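Encoded as structure tokens, here's the structure I'll be asking about.
Just so it is clear, the structure is predicted and the values come from calculations on it, not from any experiment. Chain identifiers are assigned alphabetically (A, B, ...) following the order of the sequence lines, protein sequences preceding nucleic acid strands; residue numbering begins at 1 within each chain.
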Number of protein chains: 2
Amino acid sequence: MMKTYSISEVAKELNLTVYTLRYYDKEGLMPFVERTASGTRLFKQSDIDALKVIECLKSTGMPIKEIKSFIDWCSDGDSTLQQRYDMFIERKACVNAQMEELKKTMEVIEHKCLYYKTALEAGTEDIHKKNKIEIPITE
Amino acid sequence: MMKTYSISEVAKELNLTVYTLRYYDKEGLMPFVERTASGTRLFKQSDIDALKVIECLKSTGMPIKEIKSFIDWCSDGDSTLQQRYDMFIERKACVNAQMEELKKTMEVIEHKCLYYKTALEAGTEDIHKKNKIEIPITE
DNA sequence: ATAATCCCTATAGTTAACTCTAGGTCAAGT
DNA sequence: ACTTGACCTAGAGTTAACTATAGGGATTAT
């Protein structure tokens, strides 16, 4: 007999709540998970692996409805290999774009860190104000 | 007289809608924007710059309520320099964590690209099934 | 055998971040 | 004077992704 896991075990492993897993199932992301006669879900290791791929797609910002299309394609077999390949290529481009975006964000954040470090040391933000015309006439 | 911009000009420049800008204002993110006697918003260049920082914070995943705290601190002056510095340091750590996360995501995505490339070339996903015990007895 | 603890469904509620509508003001052009 | 188009507010509606509740069934520990 193949080892199976309960919904709460899977939730713990994937850092999700039981609610979330049942919600995913309702949305059609887990058509592969089998049940006991009385309806309790039995997760196989391969189901957990599939959920990890779902989590990966989610972390690229893909909405659940699109992830469902992918799951449907998986159920449809080899005739959808091209769609699935195209989808991952597109995801790759999307993640690359996000990385670029994050780099730009990081530059601004780091600039602000320096800005506030300097201001803190001076005790005032005025240090950054362009008051450079401030040449006293006397002295 | 200093040049000012209308809400729709600013929206176009920042790739936001006027709805969104008014929403931000309602949420307290733009207390610095001045108005004409009849209530029309007049954006200065410095206001646009501030909005770019807000967009930057948003892109780190910071919720609007927290961004509002930052804006409030800015209005409070030098007494809040430490909070603001701490906030940017924390944002930096957060962006770093996101970058790490994205890298891991990218690895999985790239692995899947290869997986589907191979499957496409073979015309079937079966190529990846571990049927390696498949040694015919005869021949 | 019975209480505790898991599991289930269906459905309602929540939250964030918009997005839109209705009804009105105001300034510029014809 | 009047139409056009940009501006305004208040408030309702939307969407995604959960999150929680109510009511009930099954399994395990005492």
Is any NZ, NE, NH1 or NH2 atom of the basic residue among B/Lys104 and B/Glu107 found under 4.0 Å from an Asp or Glu carboxylate oxygen of the other?
->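 So B/Lys104 does not pair with B/Glu107 through a salt bridge.
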
Spacing of B/Arg22 atom CZ relative to D/dG11 atom P, expressed in whole Å |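 In whole Å, D/dG11 P lies 16 Å from B/Arg22 CZ.
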
Expressed in angstrom and rounded to an integer, what is the separation of B/Phe43 atom CZ from D/dC7 atom C1'?
->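 That distance rounds to 11 Å.
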
Can you say whether the rings of B/Phe88 and B/Phe70 are parallel (under 30°), tilted (30 to 60°) or perpendicular (over 60°)?
->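 Perpendicular: the ring planes of B/Phe88 and B/Phe70 meet at over 60°.
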
If only side-chain N and O atoms of B/Ser8 are considered, is one of them under 4.0 Å from the OP1 or OP2 phosphate oxygen of D/dC7?
->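 Checking D/dC7 against B/Ser8, a side-chain N or O does come within under 4.0 Å of OP1 or OP2.
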
Under-4.0 Å side-chain N/O to phosphate OP1/OP2 contact, B/Tyr24 with C/dC18 =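 Yes, B/Tyr24 has a side-chain N/O under 4.0 Å of OP1/OP2 on C/dC18.
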
Value in whole Å for how far the P atom of C/dA10 lies from OH of A/Tyr23 |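 Taking atom P of C/dA10 as the reference, OH of A/Tyr23 is at 16 Å.
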
Thinking salt bridges, do A/Glu55 and A/Lys58 make one under a 4.0 Å N-O criterion?
->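 Yes, this pair counts.
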
Check the distance between D/dA17's P and A/Ile54's CD1 and give it to me in whole angstrom.
->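 Answer to the nearest Å: 13 Å.
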
Can you tell me the distance, in whole Å, between the OH atom of B/Tyr19 and the C1' atom of D/dC7?
->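 In whole Å, D/dC7 C1' and B/Tyr19 OH are 13 Å from each other.
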
B/Leu21 CG - D/dC7 P separation (whole Å) =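 My rounded result for the distance is 11 Å.
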
Listed nucleotide nearest any side-chain atom of B/Lys65, set C/dA16, D/dT21, D/dT9 =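 Nearest nucleotide to the side chain: C/dA16.
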
How would you label the contact of B/Ser6 with the nucleic acid (heavy atoms, under 4.0 Å): base, sugar-phosphate, or nothing?
->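 Sugar-phosphate only.
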
Hey, is the side chain of A/Lys26 poking within less than 4.0 Å of OP1 or OP2 on D/dA16, counting only N and O atoms?
->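 So the side chain of A/Lys26 is outside the cut-off, no N or O lying under 4.0 Å from OP1 or OP2 of D/dA16.
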
Once the angle between the rings of B/His128 and B/Tyr115 is folded into 0 to 90°, is it parallel (under 30°), tilted (30 to 60°) or perpendicular (over 60°)?
->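 Taking B/Tyr115 first and then B/His128, their aromatic rings lie parallel (interplane angle under 30°).
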
Does A/Ser38 make a side-chain N or O approach to OP1 or OP2 of C/dC8 shorter than 4.0 Å?
->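 So the side-chain polar atoms of A/Ser38 never come under 4.0 Å of the phosphate oxygens OP1 or OP2 of C/dC8.
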
Determine: side-chain N/O of A/Arg41 to OP1/OP2 of C/dC8, distance under 4.0 Å, yes or no.
->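 The answer is yes; a side-chain N or O of A/Arg41 sits under 4.0 Å from OP1 or OP2.
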
A/Arg35 side chain N/O closer than 4.0 Å to the phosphate oxygens (OP1, OP2) of C/dT9?
->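 Answer yes for this pair, as a side-chain N or O of A/Arg35 is under 4.0 Å from OP1 or OP2.
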
Rounding to a whole Å, what distance do you find between B/Leu42:CG and D/dC7:C1'?
->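 In whole Å, D/dC7 C1' and B/Leu42 CG are 11 Å from each other.
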
Return no unless some side-chain N or O of A/Lys68 is found under 4.0 Å from OP1 or OP2 of D/dA17.
->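 Answer is no, no contact under 4.0 Å.
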
Whole-Å distance between C/dC7 P and A/Glu34 CD?
->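 These atoms are roughly 18 Å apart.
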
Hey, is CD on A/Glu9 packed in by over 12 heavy atoms from elsewhere, all under 6.0 Å?
->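 Yes, enclosed.
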
N or O in side chain of A/Thr40 less than 4.0 angstrom from C/dC6 OP1/OP2 =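 False: A/Thr40 side-chain N/O out of range (4.0 Å or more) of C/dC6 OP1/OP2.
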
